[in-house]
Amino acid sequence: MNIQHLLIARFQAALASLDAADAPVPVSKSTRPGCGEYQFNGAMGLAKKLQKAPRDIAQMIVDAVALDDVAEQLEIAGPGFINIHLAPKWLAQQSQISLADPRLNIPPQPAQNIVVDYSAPNLAKEMHVGHLRSTIIGDGVVKALEFMGHNVIRQNHMGDWGTQFGMLLAHLNDKLAANEVAETALSDLEDFYRQAKVRFDEEEGFAERAREYVVRLQGGDAECLALWQNFIDVSIQHSVDVYEKLNVSLQTSDVMGESAYNADLANVVADLKEQGVAVEDQGAQVVFLDELADKNGKPAVYIVQKSGGGYLYATTDLAAIRYRSQQLNAQRTLIFTDARQALHFKQTEIVARKAGFIGADEEYQHCPFGMMLGKDGKPFKTRTGGTVKLVDLLDEAVDRAQTLLNQRDNDFSADELATMAQKIGIGAVKYADLSKARTTDYIFDWDTMLSFEGNTAPYLQYAYTRIQSIFVKAGADVDTQAEINIAADQEKALATKLLQYQEAIETVVTEATPHVLCTYLYELASLYMKFYEACPILKEDVAEADKQSRLQLCRLTGNTLGHGLSLLGIDTLERM
RNA sequence: GAGGGCGUAGCUCAGCUGGAUAGAGCAUCCGCCUUCUAAGCGGACGGUCGCAGGUUCGAAUCCUGCCGUCCUCGCCA
């Protein structure tokens, strides 16, 4: 159920009957208490067109609009606002429908093939905090898209190619020659990289060998490729381990690294040249972009092949676009990378469209996100200024959650506490990130995200357990067919919010902004807490009908909260 | 120099298809547990929405200029 869409349709019809069919239909949630749940603000804007006073127009619209089934009252306020008070009976009916529907009364959208490119770690190194945002925001959007009925094709565009692999393979070769197994040698990629770098900089002849490896690798030397494959496999497994820890849905089969496009790069450039899109300039193959010219008319330059003949990530990204459009039949593509690459993707899209690598009606959406900053507002680093490994960050989150749990009085076993710490710690890190608008930088602060208060994962998890606890207590005494009766203000506010779930998810899938879902869930949990305080359920003096009705609201809240958290990839707990 | 993002309460952040008195949380202060989980709820305090113009019945939201800040800009990704 999308209440807003329903109201827009009704007002649209009313406006048509008043000869104002082309007028905008501004229906929004009411912001002020006492002004209903929604409001229609279009009367003021029609004053000139209809040559009447706004309040008179509002009255005409109120008379014309058919909302008897949905609203209990329409009132005209201020300069001509129409406040819509939803009918408790209708809210109850819709809630009943949601309860009986595994999809929570949310119809799927017409299915599209949607390619989502996210996570994309560099396999030469360990995953670090810079990959966190892409990974979890991308995964949240993926899950929401799938729920809405789309065919999502995950593409993990891993950095598995490049000159850096020369020194890594040379180093790995020596380790294997010394009878070390790859898994052991590569158990800490960060260390391994550092060792190789030191040898590259200091050891006689090593740099030379590293360069040879690059040449052999690019030349397709079988032995060298096997070594590379070995390295890549181990590194991918590291990432997959992190995905599991993060409760992210990416799998090995979603990997489509840069190397996968190697064979196609020459074709891409040839194709661009043939079409006259790319031309030679200073020995390199470039595309001049008049679309992004400066004030003097000097076009932007986009290099697709270096003067030495080498390819760049621009080439790879063009090959990827073409592959996704033509082989994967993408109707829409979402790419989650940091905001610094915004210009690159803008240019890539322009070139791809010029060259016909992407259909005219195909959507290409770069979804940028800001940097993760420390509490001091500077890029997030370790005490010593190093890069923070993602595994370390996640382990610390779990440790901190464990410490906080230990400080509380409880009767849980050590195993239960460990499981809880895992779910709470990981959930806190993910939620802290997911709940912020993705486009801006955000400040990573342990104390805030684990304070277990306010808009945090633990608060939502706690709200969820409170609901479960009601049902544990109620036992068999729950009538899942009971009629819902909306009476108290808190019940009405809760039921209304429950029916706004679809609005939140639809925004998430169109804008690729999971924080909208977070805000929704926080408001839902918050309204539940208020309902819980105000409306007794299992207490002795509660009438049976009220009790069962309220249990139904609890059930729907639990279903919705649990569903939303699962889309975000945040685990729920039965007790905490 | 050019292009882009950001600037909202002491702090962290929502809101920005233009709508009524700009919202949360934290912090500070005041209330509420002989228990449907107080990791909660109620209340108070706190804002010239960077500055100045413009459009509009109405601007945090749209437009222009300026200030501050971060990022990007032909052979890294």
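To find a chain, count down the sequence lines: A is the first, B the second, and so on, and within it residues start at 1.
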Ignoring the backbone of [X], work out which of [options] is nearest its side chain.
X	options	result
A:Met44	B:U72, B:G19, B:A77	B:G19
A:Met529	B:U37, B:C75, B:G40	B:G40
A:Thr440	B:C6, B:G74, B:G40	B:C6
A:Lys473	B:G42, B:U37, B:G40	B:U37
A:Lys436	B:A14, B:U37, B:A39	B:A14
A:Asp281	B:A24, B:G74, B:A14	B:G74
A:Leu312	B:C75, B:A14, B:C36	B:C75
A:Asp441	B:A39, B:C41, B:C70	B:C70
A:Lys539	B:C75, B:U72, B:C36	B:C36
A:Tyr313	B:U37, B:C26, B:A77	B:A77

Taking 4.0 angstrom as the limit, do A:Lys346 and A:Glu291 come out as a salt bridge?
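No, this pair does not count.
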
Is there a side-chain polar atom (N or O) of [X] under 4.0 Å from OP1 or OP2 of [N]?
X	N	answer
A:Lys375	B:C11	no
A:Tyr464	B:A39	no
A:Ser469	B:U37	yes
A:Lys298	B:A2	no
A:Arg575	B:U37	no
A:Tyr532	B:U37	yes
A:Thr31	B:A20	yes

Between A:Tyr501 and A:Tyr520, is the ring centre distance below 6.0 Å?
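They qualify: ring centres under 6.0 Å apart.
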
Any donor and acceptor pair, going by atom type alone, linking the side chain of A:Ser307 with main-chain N or O of A:Gly283 inside 3.5 Å?
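Judged by distance alone, no pair lies under 3.5 Å.
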
Could you check whether [X] gets within reach of a base, just the sugar-phosphate, or nothing at all, counting any heavy atom under 4.0 Å?
X	result
A:Ala342	nothing
A:Ile470	base
A:Gln39	base
A:Leu405	base
A:Ile443	sugar-phosphate
A:Tyr522	sugar-phosphate
A:Glu523	nothing
A:Lys346	nothing
A:His515	sugar-phosphate
A:Gln4	base
A:Thr465	base

Per the atom types in the model, does the base of B:C75 pair as donor or acceptor with the side chain of A:Ser307 at under 3.5 Å?
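Side chain to base: pair present.
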
So, under a plain 3.5 Å distance rule, would you say the side chain of A:Arg32 forms a donor-acceptor pair with the base of B:U21?
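Present.
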
Rounded interatomic separation in angstrom, taking [atom1] from [X] and [atom2] from [N]:
X	N	atom1	atom2	answer
A:Asn41	B:A20	CG	P	8 Å
A:Trp161	B:C76	CH2	P	18 Å
A:Gln341	B:G3	CD	C1'	17 Å
A:Asp294	B:G74	CG	C1'	13 Å

RNA chain B in dot-bracket, Watson-Crick or G-U pairs under 3.5 Å, [ ] crossing, | other strand?
(((((((..((((.....[...)))).(((((.......))))).....(((((..]....))))))))))))....

Trace of the side chain to side chain donor-acceptor pair (under 3.5 Å) decision for A:Gln548 with A:Gln552
CA-CA 6 Å; A:Gln548 293 299 342; A:Gln552 293 284 63; over 6 Å; no

Quick test: give all pairs of protein nitrogen or oxygen and nucleotides 63-67 of chain B nitrogen or oxygen below 3.5 Å, distance rounded to 0.1 Å.
none

More than 12 heavy atoms of other residues, nucleotides or ligands under 6.0 Å from CG of A:Asp479: is that the case?
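More than 12 heavy atoms, drawn from other residues, nucleotides or ligands, come within 6.0 Å of this atom.
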
Exceeds 12 heavy-atom contacts within 6.0 angstrom, atom NZ of A:Lys354
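Yes - once you tally the heavy atoms of other residues, nucleotides and ligands closer than 6.0 Å, there are more than 12.
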
Between OH of A:Tyr462 and CZ of A:Arg575, what distance do you get to the nearest 0.5 Å?
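Taking OH in A:Tyr462 and CZ in A:Arg575, the distance rounds to 13.0 Å.
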
Name every residue in residues 73-84 of chain A that has at least one heavy atom under 4.0 Å from any atom of RNA chain B, in order of residue number, or write none if there are no such residues.
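Contacting residues: A:Ala77, A:Phe81, A:Asn83.
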
Stacking between A:Tyr442 and B:C13, defined as ring centres under 5.5 angstrom apart with planes under 30°, is that present or not?
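Check failed, A:Tyr442 does not stack on base of B:C13.
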
Ignoring hydrogens and geometry beyond distance, is a side-chain donor-acceptor pair present between A:Tyr311 and A:Asn262 at under 3.5 Å?
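No pair is found: no donor N or O on one side chain lies under 3.5 Å from an acceptor on the other.
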
Ring geometry between [Y] and [X] (parallel below 30°, tilted from 30 to 60°, perpendicular above 60°):
X	Y	result
A:Phe345	A:His366	parallel
A:Tyr261	A:Tyr323	perpendicular
A:Phe444	A:Trp446	perpendicular
A:Tyr302	A:His344	parallel

